[in-house]
Amino acid sequence: MNLQIDHPTTSMLLTWMTFLPLFGAVAVLGVVGLKAMGVLTREAADQAARVIALVASFVVLVLAFFLWRAFDPQNPNVQFVHHGNWIPAYNIQYFLGVDGLSITLVMLTALVSFIATIASMPWWPGNTHLDGHHFTQHGVAGYMAMLLILQTGMTGVFCSLDMFLFYVFWEVMLLPMYFLIGIWGGARKEYAAIKFFLYTLAGSVLMLLAIIGLYYNGPQEILDGRLVHTFNILKMAQWGRAGGYGAAPLVMGLSFIRVAWVALFIGFAIKIPMFPFHTWLPDAHVEAPTPISVILAGVLLKMGIYGILRINFAILPEATKWAAGAMAVFGTINIVYAAFVCLAQKDLKRMIAYSSVSHMGFCLLGMSAFTQQGIDGAVLNMWTHGLISPMLFLIVGVIYDRAHHRNIEGFGGLAQQVPEYAGLLGLAFFASLGLPGLCGFISEFTVFLGAFPQWQTLTIISATSVILTAAYYLWAMQRMMLGKLNPKYADMPDVNWRERLTLYPLAALIIVFGFYPKAIIDLIEGSLRNLILPLQ
Amino acid sequence: MGNLPSLRYFWPESILTVAVMAMFVQDLVVRRREHRVQSLTIGALFWLTLTALATYLYPSGTTPLFGGLIVHDPLRVFFAWIFLAAALLTILIVPKSKQVSDARVGEFFGLLFALMLGLYLMASATDLLMVYLAIEMVSLVSYVLTGFRRADRKANEAALKYVIYGGVASGVMLYGISILYGLFGTTRVVGDGGIGAQLADVSSRLFMAHAFGGQPAAQLALVVAVVFVLAGIGYKIASVPFHMWCPDVYEGAPTPFTAFLSVGPKAAGFAVAIRFFFAIFEKNVPGVGWVAVSDVPWPAIIGIISAITMTLGNFTALVQTNLKRLFAYSSIAHAGYLLMGLAAASAAGVQSILVYLMIYVLMNVGAFLVVISVSRATGGEHIADLNGLGTRAPIAALTLSIFLFSLTGIPPFAGFTGKYLIFAALVQKGGMWNVILAVIGVLNSAVSLFYYAKLIKAMYFEESRDDTPMPVPGLYTGILVSLGAMVMVLGIYWAPLLRWASAAFGGTTAT
């Protein structure tokens, strides 16, 4: 049996979307080479690197638009498949494809990466007081190359349907993130970078063992006359639904599916991040430069939830049912605990980082209910949080670039001085706290709706976070924007054009999906229905 | 096969023997010439090429040579290429390293070829006496090369420590061999009447049990003998508890030789271990794979040593500030990882060791080359000497990052390939202890990130006092770039390497 027959290659689009940024990174390296040879001046090389990054991520965004238009939402199977053999000895395949679960995340990655690239451009022309210390001004070529490699890693994770390939992309993404935080970050950048790296690596090595275990206990097929196992996620899922992994031998006296489930889940939970593995996130966010925070919150956190849905839910449905209660409880803890922590924060960026933890809890709660609304809400929440949290971090970046601190108490009355900024901040805050009419409301509401039949108490507890969230956002807004203008900021300039370019598109999308979430739900619903069918 | 026909399979070793003498003669001839180092390097490369050619032209198949003292088989050829790669890199690195004085380069090359000869023999010995002689040959030359910088007190200390530890370890090993001889009446490990065949033969086992007044005593004697033989092997691969020499020797030896020491003898030690354990305690049953022929729990012994070795290596490396000592502990940790592949006691496990060793040569010598480049420019060998390397020598810094991430085992670099294959072999074998060992292994790789990342942090995150570009010879840059490229390629496409390793041991590919 030839493997290709199952899912023949239908399109190279995903390969282009994944590897175009990598080609961009190679081009940036070429620019560095030209600079070293003396062909380009330092300024020219920096500009060239910026242009390459902008062009590459813009082209990917355009391709993502085509992907969206060409995607058939009626078909719950994988589409845009690119499939080939990679390492025949272990039957490792190059297998890319998207279904309803991953397409929104691929689109989100393209969008957030482009916005982050714009946000990585220098502040404004003629700006002298930053003087080479701003992250947009030093090591530009290296920064842009890392940003592009990061984009390749993220897109690859969401497109891979071969577990080995998935793992490779999952790890590839760590390296640029480590350098981006460690080189271009804030005061405690080294600590934050290594903490992020170690946490994620510790989780992912356990994941690797679970993946190898799934491989050896998984389905077999004939390749070139040999009986081999497979890393194909779809075939493993088929095998898992049929209960194939139940026959695997015990691991240390425990059932294989549960051990594998927990090992995978810890790897993903660190990324979400789920309480008690969340402590790397505030440090990473606070120290990371603004565009990296944008990507971190906008895309990286979604990888955890995506991995759980794609691997734990699809391949190990029995163990998923067994662990549903724990997921719901941890989701609730995330929601409520992080919301309380937010109330206590003095640093605006740290507060927003914790609010991300809180919002990712909704995904956990929603998907653990195994209802259509619950899981739709969870995936929709990834999309809405992927729009709102980048905007929030951009908002923080704007004020940090001007005031050089993020202390909530240190502002006051800014609304009179920078009204446009105040308006955007209000929109982002209200979207995040779930004001109806903005997209955050829809996803939270859907999660509550879906979770309630299954977890009534937990849903009610989680719902209290709506009040807490409103409290910390409104309180922060009151301290920063209202009251008497802090005389220190009497000449603070309002948002500039680069910032407008990043903020307004997100604001527009937040409003559009607040009124028309159907565009996303239509995309995801079919595939998610199939996903939870064996769980109900 | 008798002695004279065996010579047909002995070309590389014969050439190496000639090369040892030729290097010393050439050293005398060119003593007063102007381009002495260049001419010696070209001479060494010539002999190495000739050896490589002879290795390439080895006949295929498996043949016992010299009446069964050594064997010619694909495994030995695989190891020969590992040694050749390591020697080639060392010969290229030495002249510009400023660690070996120009007057003594010829001597260095001559001794290196003697060491190569010992390694070749280690990789093919199938008789315990031959194993012992080969190990001693490698050790004796290593002592000399470690103390090569006679005026350096650290080098003297290192060489002395090396000799003492080496003497103890090889003495213990010899004792183990004598016990085995007492049990079996032979020092052959393979072939008819060899130890492996005797153990596999039930009647002989019964005899052995009878001779010692019952199975448990013979069993105990056998286990003790195994542990003693393991002392000699463990000393070569730097595993616990025979690792103590490693940091001092790595620090005191000329760095190009440290690089060679960290890959060549380690690989040869694994060759001996693979041969010893698989020939004596396992039997290859067609269609089933390797099955144990005795009750000796050798995978468990190896597994325990492996877990302790990697944990100790990694945790001690965390607090090191000297680069060479740090890499010494890292190399101890890697001996632990490699032993995991042996503990799997399967063809897939051995193949993973072979692949990992080949990759380890590339990444470890690469990392040492950056250390050499830094120390020849700054005179320092501490982590702080790497500060600002990202701007001072971007290519060296970039390639060192690749090697370090590869050593950690992060895709898409080659080190991940090796680690993946080792873990896959363990999980495939299954069973509680193998899974626990694999978990210890993966957690150790996470720990190792911490000290490897310290180097990367120094290179990229720290400011240097001195911002001037650091001169790196063009030859070094070329080697670094090609090693880095190979590490990347083998991380993404390793099917041919795995196929080669499968052909070298087991003959079947893993599934």
Side-chain angles (χ1 to χ4, degrees), chain A residues 29 32 36 85-92 139 142 153 164-165 167-172 174-175 178-179 181-183 185 189-190 193-194 197-217 220 223-224 226-229 248-253 259 263, chain B residues 348 351 390-391 394-395 398 401-402 405 408-413 416-417 419-421 423-433 435-436 438-439 441-450 453-454 456-458 460-462 469 491-499 501-502 508-511:
Chain A
L29 283 184
V32 174
N85 277 333
W86 180 13
I87 311 279
Y90 281 81
N91 192 9
I92 296 166
F164 193 89
L165 187 65
Y167 185 78
V168 169
F169 278 123
W170 179 274
E171 296 275 277
V172 161
L174 295 183
L175 304 174
Y178 169 70
F179 283 111
I181 299 176
I183 300 180
K189 57 189 184 176
E190 287 106 355
I194 193 69
F197 205 164
L198 278 178
Y199 264 64
T200 323
L201 189 71
S204 63
V205 290
L206 287 178
M207 206 165 96
L208 175 65
L209 283 187
I211 289 175
I212 297 173
L214 287 176
Y215 171 76
Y216 279 116
N217 292 302
Q220 284 181 302
L223 176 71
D224 304 335
R226 293 178 302 121
L227 198 59
V228 289
H229 292 279
L250 297 183
V251 182
M252 298 177 228
V259 173
Chain B
Q351 288 158 12
T391 48
I395 294 178
L398 182 68
S401 314
I402 291 175
F405 285 130
T408 316
I410 293 174
F413 305 112
F416 170 69
T417 306
K419 285 227 173 101
Y420 162 75
L421 289 172
F423 295 136
L426 274 178
V427 174
Q428 186 186 21
K429 190 80 177 180
M432 179 166 83
W433 293 109
V435 172
I436 291 179
V439 170
V442 294
L443 292 180
N444 261 292
S445 15
V447 171
S448 75
L449 171 71
F450 195 78
K454 271 201 331 206
I456 291 167
K457 182 182 128 203
Y460 287 102
F461 304 173
E462 307 276 353
I492 293 164
Y493 190 68
W494 35 276
L497 184 58
L498 182 63
R499 219 175 295 134
S502 309
T508 52
T509 43
T511 53

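Every chain is numbered from 1, with letters handed out A, B, ... down the list of sequences. Note that this is a predicted model, so its numbers are computed, not measured.
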Peer 1: Heavy-atom cut-off 4.5 Å, strictly under: side chain, backbone, both or neither for B/Phe413 against chain A?
Peer 2: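 Interface part for B/Phe413: side chain.
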
Peer 1: Are the side chains of B/Val435 and A/Leu209 in contact, using a 4.5 Å heavy-atom criterion?
Peer 2: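 In short, these two side chains do not touch, never coming nearer than 4.5 Å.
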
Peer 1: How close do A/Leu198 and B/Ala446 get, heavy atom to heavy atom, and via which atoms?
Peer 2: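 Looks like CD2-O, 3.3 Å.
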
Peer 1: Need one label for A/Val251: side chain, backbone, both or neither, based on atoms under 4.5 Å from any heavy atom in chain B.
Peer 2: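 Side chain only.
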
Peer 1: Between B/Ala453, B/Ala495, B/Ala424, which has the largest tally of heavy atom pairs under 4.5 Å with chain A?
Peer 2: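 Heavy-atom pair counts peak at B/Ala424.
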
Peer 1: Take the angle between the ring planes of B/Tyr420 and A/Tyr90 and call it parallel below 30°, perpendicular above 60°, tilted in between.
Peer 2: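 The arrangement is perpendicular - the two ring planes meet at more than 60°.
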
Peer 1: Determine the interplanar angle of the A/Phe164 and B/Phe416 rings, folded into 0 to 90°, and report it as parallel if under 30°, tilted if 30 to 60°, perpendicular if over 60°.
Peer 2: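 Taking B/Phe416 first and then A/Phe164, their aromatic rings sit tilted (interplane angle of 30° to 60°).
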
Peer 1: Once side chain to side chain contact (heavy atoms under 4.5 Å, CB included) is applied, do any residues pair with A/Val32, and if so which ones, sequence neighbours excluded?
Peer 2: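 A/Val32: side chain to side chain contact (heavy atoms under 4.5 Å, CB included) contacts with A/Ala141.
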
Peer 1: What is the ring orientation for A/Phe179 with B/Phe461, classed by angle as parallel under 30°, tilted 30 to 60°, or perpendicular over 60°?
Peer 2: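 Geometry flag for B/Phe461 against A/Phe179: perpendicular rings.
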
Peer 1: Please look at B/Phe405 and chain A and tell me whether the side chain, the backbone, both or neither of the residue comes under 4.5 angstrom of a heavy atom of that chain.
Peer 2: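 Interface part for B/Phe405: side chain.
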
Peer 1: Can you tell me which portion of B/Thr391 sits under 4.5 Å from chain A's heavy atoms? Options are side chain, backbone, both or neither.
Peer 2: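 It is neither, since no heavy atom gets under 4.5 Å.
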
Peer 1: Does A/Trp86 reach the main-chain N or O of B/Ile492 with its side chain, forming a donor-acceptor pair under 3.5 Å?
Peer 2: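 Indeed, once roles are kept as given, a pair shorter than 3.5 Å links the two residues.
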
Peer 1: Report which part of B/Trp494 has an atom under 4.5 Å of a heavy atom belonging to chain A: side chain, backbone, both, or neither.
Peer 2: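 Both backbone and side chain.
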
Peer 1: Quick check for you: among A/Leu206, A/Leu174, A/Ile211, A/Leu175, which has the greatest number of heavy-atom pairs under 4.5 Å with chain B?
Peer 2: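 When all of A/Leu206, A/Leu174, A/Ile211, A/Leu175 are compared, A/Leu175 has the most.
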
